[in-house]
Number of protein chains: 2
Amino acid sequence: MIELGEATVPAATVARLPYYLRALRDLAEAGVTTTSSSELAERSGVGSAQLRKDLSYLGSFGTRGVGYDVQSLAQYIASALGLGSEHRLAIVGIGNLGHALANYSGYAARGFQVVALLDADPQVVGGSAAGLTIEHVDALEDVLPRTGVSMVVLATPGPVAQAIAERIVGCGVREILSFAPVALQLPDDVVVRSVDVAGELQILAFHAAARAATNGTPR
Amino acid sequence: MIELGEATVPAATVARLPYYLRALRDLAEAGVTTTSSSELAERSGVGSAQLRKDLSYLGSFGTRGVGYDVQSLAQYIASALGLGSEHRLAIVGIGNLGHALANYSGYAARGFQVVALLDADPQVVGGSAAGLTIEHVDALEDVLPRTGVSMVVLATPGPVAQAIAERIVGCGVREILSFAPVALQLPDDVVVRSVDVAGELQILAFHAAARAATNGTPR
DNA sequence: ACTTGTGAACGTGTTCACAGCA
DNA sequence: TGCTGTGAACACGTTCACAAGT
């Protein structure tokens with residue numbers, strides 16, 4: 001449960017808002033001006049009741065008997081997601097993945113701007129990616145404040161992630177997206193979202209194994 | 001809820017098993033032979049009751065008053081996750097991200113093997129990455145069966161993801177890890193795990209906005 | 001007539017607290 | 001004594017079904 005202004009929004013709802021926003025932008029691009037909870041829900045991969053309930057936590061945006069205005073709902077969700085103001089990102093750990101994330105072109109359209117790249121490898125430091133010079137992670141305490149970073153994407157190897165995360169938090173950053181396969185121990189007021197590719201594959205493997213155990217043993 | 005043999009395991013529990021496995025392997029590497037639910041839980045970032053409850057769905061592995069044997073518990077979880085058998089992966093969409101995923105070195109250690117890379121861009125097809133030649137996505141129906149792929153990592157642009165996913169499913173693949181920012185509409189027996197980097201950043205932005213609305217308006 | 005917005009019912013997942021056992 | 005394993009209590013999230021509104 002997350003407080004937003006006077007409202008209080010379930011975390012599960014927040015996690016779905018990006019889906020709704022994407023679906024709305026697709027509709028807008030297709031020239032659609034009005035939509036219904038069922039159409040929007042289908043495009044977002046949720047149930048229509050779920051969608052209406054989610055929106056109800058944020059306010060009341062539709063017209064009964066008609067539906068939702070695509071433009072204004074998109075705008076409202078975008079602003080609820082804090083996408084009005086620019087968010088300045090640093091990417092720490094410019095290996096395979098960090099490099100790919102640096103070159104990802106979808107940030108700007110979504111209100112994010114990559115302003116700093118850091119790595120610990122002397123071979124990498126001084127190089128450039130996505131138009132930025134890669135700086136040494138030792139200078140983190142200098143670079144983050146200087147570039148006005150408000151969020152960090154952490155793409156370092158697992159063993160160093162905890163130590164670097166602590167230094168990042170020391171710089172006042174309170175939002176971290178981590179790709180390191182470790183559970184970061186950080187103060188409660190720091191929000192960490194974690195993406196674990198190997199873990200996702202393992203979950204798929206579990207499903208495959210479960211399938212084999214049920215269907216694969218016919219008779 | 002997922003059936004596994006005679007047991008039935010909550011999906012939320014399955015999603016945490018990779019964390020436990022990683023923590024156990026870290027412990028094993030550090031030479032620790034026995035651990036407790038509280039130590040393991042702390043390293044996994046969950047509560048100790050949660051960990052014990054999760055394990056209880058799989059069976060009974062500890063010794064009361066003592067704890068868990070690191071080796072044997074790790075082994076059991078690995079086998080529950082289906083990591084005994086090798087899983088053969090194809091990566092479809094060799095852009096920035098697909099390339100990074102192809103070069104990610106953690107697969108082998110976790111029982112996964114990348115056996116095919118596909119892309120639609122003629123500039124990319126024929127090139128090589130991670131020791132494999134990149135094949136054309138048009139040949140998907142030929143490549144997947146030939147290479148014995150059982151899981152696919154989908155890293156294509158959003159607009160083409162749905163169509164390609166359908167073709168993948170047509171080849172008999174039932175487990176897909178998607179990085180495309182769209183809700184894939186696929187048969188119920190297909191398991192899709194979805195990773196959406198931009199969406200994760202938007203969720204962080206929401207938290208930042210919520211923080212600004214509460215703390216940032218003092219007085 | 002049609003679709004939203006929402007209380008109430010339901011189901012799933014988490015936490016508690018203690019019985020069971022080494 | 002100390003830690004696991006687990007029923008029971010609780011919290012959270014989803015779905016239902018309908019009242020409210022245009």
Side-chain angles (χ1 to χ4, degrees), chain A residues 1-4 7-17 19-20 23-24 27 32-70 72-74 76-77 80 183 188 203 206, chain B residues 1-4 6-20 23-24 27 32-70 72-74 76-77 80 183 188 203 206:
Chain A
M1 227 65 135
I2 300 145
E3 302 262 338
L4 178 69
T8 166
V9 184
T13 293
V14 173
R16 280 187 295 267
L17 293 180
Y19 291 82
Y20 302 153
L24 284 164
L27 285 168
V32 177
T33 59
T34 300
T35 188
S36 65
S37 63
S38 43
E39 180 179 39
L40 192 50
E42 181 171 346
R43 283 174 178 262
S44 312
V46 305
S48 68
Q50 176 102 80
L51 180 128
R52 292 199 302 277
K53 177 64 91 180
D54 282 342
L55 293 182
S56 79
Y57 292 116
L58 299 173
S60 178
F61 306 101
T63 310
R64 291 169 197 236
V66 178
Y68 302 93
D69 179 75
V70 171
S72 64
L73 183 56
Y76 187 88
I77 294 179
D188 285 351
I203 293 169
F206 181 95
Chain B
M1 227 66 136
I2 300 146
E3 303 263 336
L4 177 70
E6 58 260 42
T8 168
V9 184
T13 294
V14 173
R16 280 186 294 267
L17 293 179
Y19 290 82
Y20 302 153
L24 283 164
L27 285 167
V32 178
T33 60
T34 300
T35 188
S36 66
S37 64
S38 44
E39 179 178 40
L40 192 50
E42 181 171 346
R43 284 175 177 262
S44 312
V46 305
S48 68
Q50 175 102 79
L51 180 129
R52 292 198 303 276
K53 174 68 67 178
D54 282 342
L55 294 182
S56 79
Y57 292 116
L58 299 174
S60 178
F61 307 101
T63 310
R64 291 167 199 240
V66 179
Y68 302 93
D69 180 75
V70 171
S72 63
L73 183 56
Y76 186 88
I77 293 180
D188 284 352
I203 294 169
F206 180 96

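To find a chain, count down the sequence lines: A is the first, B the second, and so on, and within it residues start at 1. Note that these values count all heavy atoms, side chains included, but never hydrogens, waters or copies made by symmetry.
- Remark: A:Leu51 CG to A:Tyr20 OH distance equals 4.5 Å, nearest 0.5 Å.
- Separation of atoms OG1 (A:Thr35) and CG (A:Asp69) is listed at 10.5 Å; rounding is to 0.5 Å.
- Side-chain N or O atoms of B:Thr13 include none that pairs as donor or acceptor with a backbone N or O of B:Val9 at under 3.5 Å.
- Two residues are said to be in side-chain contact when any heavy atoms from C-beta on lie closer than 4.5 Å; A:Arg52 and A:Ser48 meet this criterion.
- Taking OH of B:Tyr76 as the start and CG of B:Leu17 as the end, the distance is 10.0 Å to the nearest 0.5 Å.
- Here C:dT12 presents its P atom at 12 Å from CD1 of B:Ile2, a figure rounded to the nearest Å.
- Other residues, nucleotides and ligands contribute at most 12 non-hydrogen atoms within 6.0 Å of the CD atom of A:Glu42.
- Under a 3.5 Å cut-off, the side chain of B:Thr63 and the backbone N or O of B:Val66 do not form any donor-acceptor pair.
- Rounded to whole Å, the distance from CG on B:Leu51 to P on D:dT6 is 13 Å.
- Contact check for B:Thr8 versus B:Leu4: no side-chain heavy atoms found under the 4.5 Å cut-off.
- Relative to the axis of its first five pairs, the axis of the last five pairs of the helix from C:dA1-D:dT22 to C:dA22-D:dT1 sits at 0°, rounded to 10 degrees.
- Rounding to whole angstrom units, CG of residue B:Leu73 and P of D:dT4 are separated by 11 Å.
- Looking at B:Val70 and B:Val32, their side chains come closer than 4.5 Å, going by heavy atoms from C-beta outward.
- Side-chain contact between A:Pro10 and A:Tyr57: present, with at least one pair of heavy atoms (C-beta onward) separated by less than 4.5 Å.
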Close N/O contacts between protein and nucleotides 9-12 of chain D (under 3.5 Å):
none

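- Applying the 4.0 Å criterion to OP1 and OP2 of D:dT15, one finds that A:Gln50 has a side-chain N or O inside that range.
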Give every pair of a protein N or O atom and an N or O atom of nucleotides 4-6 of chain C that lie under 3.5 Å apart, one pair per line with the distance.
| unit_1 | atom_1 | unit_2 | atom_2 | d |
| --- | --- | --- | --- | --- |
| C:dT4 | OP1 | A:Ser37 | N | 2.5 |
| C:dT4 | OP2 | A:Ser37 | OG | 2.6 |
| C:dT4 | O2 | A:Arg64 | NH1 | 3.1 |
| C:dG5 | OP1 | A:Ser60 | OG | 2.9 |
| C:dG5 | OP1 | A:Phe61 | N | 3.0 |
| C:dG5 | OP1 | A:Gly62 | N | 2.8 |
| C:dG5 | OP2 | A:Tyr68 | OH | 2.8 |
| C:dG5 | O4' | A:Arg64 | NH2 | 3.0 |
| C:dG5 | N7 | A:Arg52 | NE | 2.8 |
| C:dG5 | O6 | A:Arg52 | NH2 | 3.1 |

